[in-house]
Amino acid sequence: MKRLYYTLGKNKFWEYLLCAAFLLIFYGPLVNMVLVSFAEKYEYPNIVPATYGFKWWNYVFSNGKLVESILVSLALAVVVTLLSLVVCLPAAYALARYDFKGRSLVRLSFLFTNAFPKMGIYTAMAVIFYKIGLMGTFFGVVLVHIVNTMMFMVWIPSGSFRTVHIQQEESARDVGASALRTFFMITLPMAKPGIIVAALYTFLGSMEEAQGSLLIGLPNVHTMPSELYGIIMSFPDTAGAVFAIVLLVPSVVLMIVFRKYLSASALSNGLKM
């Protein structure tokens with residue numbers, strides 16, 4: 001270590017040391033989760049498993065209830081994302097284009113669902129859903145997820161719509177394009193990066209939503225996060241690690257596919273008040 005210190009120099013040495021600490025803290029738990037998921041014999045206080053295999057992978061994918069929860073979570077995420085686009089994009093466009101009294105307050109109101117403890121909001125929703133028969137239903141869980149992701153689907157596209165110059169829309173209208181055609185041919189394509197980012201956050205937020213799905217969905221709707229609770233409490237850590245990786249895969253794949261849209265500017269523009 002001393003030799004490395006003098007070889008790199010004082011500044012470089014501390015830079016490499018901090019980088020190594022960051023990699024250990026950030027990637028260490030992920031590496032451990034992958035190792036544990038393939039463990040067949042893993043006992044405390046061993047750092048690495050004694051033997052490896054696919055025992056718990058076979059268990060997860062041979063369990064019909066767990067496979068069903070994977071399909072339900074994917075279906076929920078797709079439905080929530082599409083409905084959020086239909087419901088929230090008009091609101092985002094209105095907030096970006098129309099100046100009306102209380103606009104800032106309306107925009108801020110979409111933050112309220114993320115500004116308070118979610119369990120309190122879910123409990124209040126559960127009381128209402130019980131009265132109208134939505135407890136334990138797929139649509140009830142969809143509504144919970146939409147409420148939880150409305151901030152992303154309004155704020156980020158609203159910022160993207162504001163970056164589209166209104167003169168471009170007016171030029172299209174001047175040559176005979178209707179308001180609807182102008183929106184779909186001019187405004188929407190130019191705001192696409194922010195909309196994709198918002199849709200991605202909505203999809204991932206729906207995939208990872210646990211408390212609302214557990215409270216509103218059970219006993220009829222089983223999602224991956226809600227099933228993960230049961231696996232962690234009822235089975236060894238190895239089974240939980242397998243299911244956690246399965247839950248992580250869609251997030252990693254989508255972030256790789258849409259990585260060019262996940263820039264700081266795309267997100268910051270959408271969060272401007």
Side-chain angles (χ1 to χ4, degrees), residues 73-115 138-139 141-209 212 249-273:
S73 288
L74 290 172
L76 268 172
V78 172
V79 172
V80 167
T81 302
L82 294 177
L83 284 180
S84 295
L85 287 169
V86 172
V87 172
C88 296
L89 282 186
Y93 184 81
L95 289 171
R97 280 287 180 261
Y98 300 108
D99 189 11
F100 55 89
K101 189 175 181 179
R103 183 176 67 168
S104 296
L105 182 61
V106 172
R107 186 184 294 119
L108 184 63
S109 67
F110 290 101
L111 176 64
F112 290 162
T113 55
N114 289 38
F138 185 86
F139 185 65
V141 179
V142 168
L143 290 178
V144 170
H145 287 204
I146 290 178
V147 168
N148 194 39
T149 58
M150 283 180 68
M151 185 191 75
F152 297 117
M153 287 302 299
V154 172
W155 277 27
I156 298 178
S158 179
S160 297
F161 287 136
R162 286 199 301 273
T163 62
V164 180
H165 296 293
I166 195 170
Q167 291 83 359
Q168 294 171 298
E169 296 178 342
E170 291 173 347
S171 298
R173 296 297 302 275
D174 289 341
V175 296
S178 63
L180 194 62
R181 186 175 183 183
T182 299
F183 177 78
F184 282 105
M185 300 299 294
I186 304 296
T187 310
L188 196 61
M190 297 187 70
K192 183 177 70 172
I195 295 173
I196 289 177
V197 171
L200 181 60
Y201 273 90
T202 299
F203 185 92
L204 298 180
S206 177
M207 285 288 295
E208 297 170 1
E209 171 54 49
V249 167
S251 303
V252 174
V253 172
L254 287 174
M255 287 185 177
I256 292 174
V257 173
F258 296 106
R259 63 186 182 277
K260 68 178 181 179
Y261 297 108
L262 296 174
S263 62
S265 59
L267 183 58
S268 62
N269 285 335
L271 296 178
K272 289 179 180 178
M273 294 296 292

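The structure presented is a predicted model; accordingly, all values stated were derived computationally and were not measured.
The backbone N or O of H165 sits less than 3.5 Å from a side-chain atom of Q168, completing a donor-acceptor pair. In terms of modelled atom types and a separation under 3.5 Å, the side chain of S109 and the main chain of V106 share a donor-acceptor contact. Within the 3.5 Å criterion, the main-chain N or O of R162 finds no donor-acceptor partner in the side chain of R97.
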Please table the atom pairs, donor to acceptor, closer than 3.5 Å between any side-chain atom in residues 173-186 and protein atoms at least two apart or in another chain.
{"from": "R173", "atom 1": "NE", "to": "A177", "atom 2": "O", "distance (Å)": "3.1"}
{"from": "S178", "atom 1": "OG", "to": "R181", "atom 2": "N", "distance (Å)": "3.2"}
{"from": "T182", "atom 1": "OG1", "to": "S178", "atom 2": "O", "distance (Å)": "2.8"}

Atom pairs and distances, donor-acceptor, side-chain atoms in residues 78-96, under 3.5 Å, two or more places apart:
{"from": "T81", "atom 1": "OG1", "to": "A77", "atom 2": "O", "distance (Å)": "2.7"}
{"from": "S84", "atom 1": "OG", "to": "V80", "atom 2": "O", "distance (Å)": "2.7"}
{"from": "Y93", "atom 1": "OH", "to": "E169", "atom 2": "OE1", "distance (Å)": "3.4"}
{"from": "Y93", "atom 1": "OH", "to": "E169", "atom 2": "OE2", "distance (Å)": "3.4"}

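Considering only heavy atoms from C-beta on, I195 stays 4.5 Å or farther from I156 through its side chain. Residues M150 and T202 have side chains not in contact (no heavy-atom distance under 4.5 Å, counting atoms from C-beta outward). At a threshold of 4.5 Å between non-hydrogen side-chain atoms, the residues E209 and L204 do not count as touching. For the pair M190/S160, no side-chain contact is recorded, criterion being any heavy-atom separation below 4.5 Å from C-beta on.
Summarising the geometry, atom CZ belonging to R107 is positioned 5.0 Å from atom OG belonging to S158; distances are rounded to the nearest 0.5 Å. If you take OG1 on T149 and CZ on F110, they are separated by 11.5 Å, rounding to the nearest 0.5 Å. In this structure, CG in L200 is found 6.0 Å from CE in M255, a value given to the nearest 0.5 Å.
S206 and H145 make their closest contact through OG-ND1, 2.8 Å (heavy atoms, listed as atom of the first residue, atom of the second, distance).
Applying the 6.0 Å contact sphere to CZ of F139 captures no more than 12 heavy atoms from other residues, nucleotides or ligands. Open room surrounds OH on Y98; 12 or fewer heavy atoms of other groups in view lie less than 6.0 Å from it.
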For this session: Dump the intermediate steps for side chain to side chain contact (heavy atoms under 4.5 Å, CB included) on V147 and L143, then the final yes or no.
Result: CA-CA 6 Å; V147 168; L143 290 178; 5.6 Å; no
